[in-house]
Amino acid sequence: MAAQAPSLWTTFRRNTIRSFAAMLRQRWFGISMLLLLAAFILGPMLNVLVWAFTDARIQPPRLVPEQWSLKWWGETFTRLDVAGGFMTSVGISLTVTLVAALICLPASYAFARMKFRGRTPFLLSFLMVNAFPRFGIYITIAVVFFRLGLVGTVPGVVLIQLVNTLLFMIWIPTAAFQGVDRSLEEAALDAGASPLRVFVQITLPMVLPALSASLLLTFVGTFYETQGALLIGIPNVKTLPVVIITLINHHIRQLGAVLSVALWVPSLVLLIFAQRVLRGGTLAAGFGL
Amino acid sequence: MAKLTIDTLTKHFGSVVAVDRINIEVEDGEFVCILGPSGCGKSTALRMIAGFEHPTEGDIRIDDSSIVAIPPNKRPTAMVFQKYTLWPHMTVYENIAFGLKLRGTADATVRRTVEEGLELVGLSGYEKRYPSQLSGGQQQRVALARAIVLEPKILLLDEPFSSLDALLRVRLREELKRIQRRLGITTLFVTHDQEEALSLSDRIAVMREGQIEQLADPSTVYARPRSLFVADFIGDMNLFEATTDAEGIRLGSSLLRDSGGVEVDRKVTVAVRPEELVPAATGVPPEETWEIAVEQTMDLGHYLKLLGELTGVGPVKIYLPKSAHANVVKGRVRVTPTRYLIYSNADAPVEVVKRPHVVAR
């Protein structure tokens, strides 16, 4: 295996310090733009953070509350709809990831290894889903699902969320499988391995980093997906993001804020995991970059 | 140990004929090279023997039993590929042990065999390395060990050294020859490098456009190439367009007395090796010697290479021993061939070997 590359953060920190002084001198315009952008992105996040740790309303022109409080955290996590939403989300995300893997991995292997009529158009068609406004597609699907009685059911939500996963679960593994040199497989075949064993012992280990990347992206993406889940799941199936929307709509601002902050945790954990496992540009390699 | 028979082997890819009815017998313990330019079908032929391609026609036999119907993983052949094909997620040990373990070989035996294999290729102690920690030459040695430890009946090599630098290529070539001799393993080696083929093989099959042009031992292929293609492809060769008449063969203003029985008034090609053009002795009639205008002299250490022009005929290459340099006077040298081949333009090239009556020494 390749030697350990310096982590993204180390590189970032080193480069930042080195170039900071020079930047200040030469690029004051760029720096002000950067700060503006940071405020634009971080501002709302900070606002959410502040709201999550307060009890009362914040009176303008104050930016921070008079009193900090953890009251809403206990309040939030003892709510039945939140706990239920969390379980629903985990269950649906796992199901979607699993089903997507079952459908897409063999398909991507076929895309990578076989030459068949319409291969390229078919491959591009997975991109099409992302080329159009999602909501339009969802509405159309919802109409069909309504007739089929899938609206408000778990299978319905799983199906609509599968649409989102296609891109990651087809394109990344396809590129990864293509990256495995044919002659590596032939060498194993030549050494006496059956085609199945070649796949399990040679091909699979070599694409595993890219596969885990796509599985991870699928899981996280599904966990946070809102539009499809909202449109198809309501009123019976409520994933966590849908629950948050409902809570915000009921004007309990702190509930939404607490949940937003809490939901950073799983994605943060996964990202740290991803950074650890998928070092060395695997993700980029997965995209064929 | 085994004999390999390739019998009218043919491979079509759509309308393209990659391999066209080739026949080769590789005797037990023999080292045969398939030599040819890229795209001549040599690799396809090898891949059919390994089982990665299915022949359109013809048969492949090992010890007189056909292997065409056997899948590649069950064939008693082992291949070393052109690309580096060590599995990157396995150590050197795991790479070499892979095939042995598949056969259910006992652990102790696997360990011993892998050690022996590594020793054979001069890489003892490299067991725990990963392929990415090895140089290209080391990787190909491990690949060779990986093939050899399986004790294949036939060892197949597909341009295994072509991605290595020249010096390493020569060293590995010598090593391969030593190992092959020691194990007495029947070997088929594919290459586009004529020097490699000449130095390694017991016999060479020269391929062109899917067909075998000549199958013979290296010295025969070098001395008596069966066709103009082989003459041009193997070694350095001077080729001159000429015509025959009643006196002999006319090359511009020069004459070769002996036309080897080729009819008069025929267009022919005369082929002379650069080392078979020697300075002419004083007694030879001037019209029977060739005056060469030397344009470049290269000192290649143990001999001189002269590039020049045979007046009215074309460029010419001459290898001279350094002691013969005195014969070059004012950029001109008179030479005469000690041996030449005449290829008549007929469908099947007539091949004649001649020695002129007077030779300078």
Side-chain angles (χ1 to χ4, degrees), chain A residues 1-6 105 109 112-117 119 172-173 175-215 276-286 288, chain B residues 14 43 46-47 49-53 70-91 94-105 128-133 139-140 142-152 154-160 163:
Chain A
M1 290 286 140
Q4 288 223 328
L105 295 187
Y109 187 75
R113 279 291 183 252
M114 295 172 197
K115 285 202 173 94
F116 49 87
R117 229 170 226 285
R119 180 185 168 278
I172 298 181
F177 281 126
Q178 270 169 344
V180 177
D181 198 313
R182 234 331 144 37
S183 50
L184 286 172
E185 296 173 331
E186 282 177 345
L189 207 60
D190 194 57
S194 66
L196 182 68
R197 188 180 286 273
V198 172
F199 183 77
V200 173
Q201 283 193 288
I202 306 296
T203 318
L204 209 54
M206 291 181 65
V207 295
L208 211 56
L211 284 196
S212 4
S214 58
L215 287 172
R276 224 157 250 260
V277 173
L278 310 171
R279 234 178 261 283
T282 321
L283 206 59
Chain B
S43 284
L46 202 72
R47 290 173 58 79
I49 299 162
F52 303 133
E53 304 284 353
I70 303 174
N73 50 331
K74 303 231 169 75
R75 288 192 189 192
T77 57
M79 182 143 155
V80 179
F81 294 77
Q82 176 180 5
K83 295 180 189 160
Y84 304 140
T85 55
L86 297 186
W87 303 302
H89 56 291
M90 297 186 191
T91 61
E94 287 164 338
N95 264 279
I96 302 177
F98 183 75
L100 293 165
K101 284 182 183 162
L102 286 179
R103 296 179 180 180
T105 315
K128 293 208 175 84
R129 304 263 187 115
Y130 280 96
S132 59
Q133 298 169 309
Q139 289 195 41
Q140 285 306 66
V142 174
L144 181 62
R146 185 175 68 182
I148 284 172
V149 294
L150 297 176
E151 294 178 351
I154 312 289
L155 180 62
L156 305 169
L157 300 108
D158 187 4
E159 311 207 28
S163 38

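Below, each value reflects all heavy atoms present in this structure, side chains not excepted, and no hydrogens, waters or symmetry copies. Given the structure is predicted, the values throughout are model-derived calculations rather than measurements. Throughout, a chain's letter reflects where its sequence line sits, starting with A, and its residues are numbered from 1.
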Portion of [X] that has a non-hydrogen atom of chain A nearer than 4.5 angstrom:
X      : result
B:K83  : side chain
B:T77  : both
B:L100 : neither

query: Could you state the interatomic distance from CG (A:D190) to CG (B:L156), rounded to the nearest 0.5 Å?
result: 7.0 Å
field: Leading residue by heavy atom contact count with chain A [cutoff under 4.5 Å; candidates B:F52, B:F98, B:Y84, B:F81]
entry: B:F52
message: Counting heavy-atom pairs under 4.5 Å with chain A, which one of B:M79, B:Q82, B:R146 comes out on top?
response: B:M79
Heavy-atom distance under 4.5 Å between the side chains of [X] and [Y], does that happen here?
X      : Y      : answer
A:I202 : B:M90  : yes
B:L102 : A:S194 : no
B:P72  : A:E186 : no
B:P71  : A:L189 : no

- request: Report, as yes or no, whether the 6.0 Å neighbourhood of atom CD on B:E151 holds more than 12 heavy atoms from other residues, nucleotides or ligands.
  value: no
message: Taking side chain as everything from C-beta outward and backbone as N, CA, C, O, which of these in A:D181 sits under 4.5 Å from a heavy atom of chain B? Side chain, backbone, both or neither.
response: side chain
task: For B:P88 and A:L184, work out which heavy atoms get closest and say how close.
output: CD-CD1, 4.2 Å
